[in-house]
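One-based numbering along the sequence shown.
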Amino acid sequence: MNQDNTWRRTVNERAAAVTITVDGRPLRARTGETVATAMLAHGAAFDRDRTGARRAPLCNMGTCFECAATVDGRPLTRTCLVPAREDMAVQTQGRL
């Protein structure tokens with residue numbers, strides 16, 4: 001076993017809890033987690049396609065725009081790139 005501290009565990013403690021609002025529904029998140037992560041953890045739909053099927057993030061790194069929503073009044077915000085913070089307002093309807 002390597003004892004020179006080259007390999008070490010990352011911190012397992014979770015950050016402080018915050019509340020964000022998604023389509024009028026409060027969701028708990030952790031400071032530093034992305035909005036998309038909080039939404040996925042709670043099963044929130046990101047939007048619906050033209051057939052009514054639920055959408056969700058595809059790449060989770062800001063490329064695909066599947067997680068885009070209106071965040072604090074800013075449309076087409078990629079939620080996978082935005083850290084959650086207290087009192088954020090997210091709206092998923094009407095993106096398409």
Side-chain angles (χ1 to χ4, degrees):
M1 189 161 136
N2 190 346
Q3 298 294 323
D4 67 2
N5 233 5
T6 302
W7 302 101
R8 58 187 176 275
R9 291 181 184 261
T10 58
V11 176
N12 290 329
E13 296 176 19
R14 297 187 75 196
V18 295
T19 301
I20 64 174
T21 303
V22 178
D23 296 329
R25 179 178 152 211
L27 298 181
R28 299 296 282 169
R30 297 289 177 166
T31 302
E33 291 179 340
T34 65
V35 173
T37 299
M39 291 173 67
L40 284 169
H42 290 282
F46 285 77
D47 204 348
R48 302 215 178 250
D49 67 13
R50 292 179 183 138
T51 68
R54 292 172 64 148
R55 299 172 75 97
L58 180 64
C59 71
N60 238 359
M61 63 182 195
T63 302
C64 71
F65 279 80
E66 288 297 310
C67 68
T70 300
V71 178
D72 291 335
R74 295 184 185 134
L76 291 176
T77 301
R78 292 171 287 176
T79 60
C80 69
L81 299 178
V82 178
R85 67 180 188 291
E86 189 68 35
D87 295 326
M88 282 184 123
V90 180
Q91 295 178 322
T92 62
Q93 283 84 25
R95 180 172 69 93
L96 296 176

Can you give me the closest heavy-atom contact between Met88 and Val35, atom names plus distance? SD-CG2, 3.6 Å

Which atoms form the tightest heavy-atom contact between Thr70 and Pro75, and what is the distance? OG1-CA, 3.6 Å

Across all chains, not counting sequence neighbours, the side-chain hydrogen bond (donor to acceptor under 3.5 Å, both in side chains) partners of Thr19 are Arg28

Does Thr92 use its side chain to pair, donor to acceptor, with the backbone of Ala69 at less than 3.5 Å? no

Partners meeting side-chain hydrogen bond (donor to acceptor under 3.5 Å, both in side chains) with Thr34 (sequence neighbours left out): Thr37

Measuring from atom CG of Leu27 to atom OG1 of Thr21, what distance do you get when rounded to the nearest 0.5 angstrom? 7.5 Å

Go through the structure and list residues passing side chain to side chain contact (heavy atoms under 4.5 Å, CB included) with Ala29, not counting sequence neighbours. Val18, Glu33, Ala38, Ala84

Please report the closest heavy-atom contact between Gly62 and Cys59, naming both atoms and the distance. N-SG, 3.5 Å

Roughly how far, to the nearest 0.5 Å, is CZ of Phe65 from OG1 of Thr79? 11.0 Å

Name all residues meeting the side chain to side chain contact (heavy atoms under 4.5 Å, CB included) criterion together with Leu58; count only those two or more places apart in sequence or in a different chain, and write none if there are none. Cys64, Glu66

In short, Asp23 meets Gln91 closest at the heavy-atom pair OD1-CA, 3.3 Å

Which heavy atom of Ala36 sits nearest a heavy atom of Pro57, and at what distance? CB-CG, 4.2 Å

What is the distance from atom CD of Glu86 to atom OG1 of Thr31, rounded to the nearest 0.5 Å? 8.0 Å

Can you list the residues that meet the side-chain hydrogen bond (donor to acceptor under 3.5 Å, both in side chains) rule with Asp72, with sequence neighbours excluded? Arg85

Among residues at least two apart in sequence or on other chains, which ones pass side-chain hydrogen bond (donor to acceptor under 3.5 Å, both in side chains) with Arg30? none

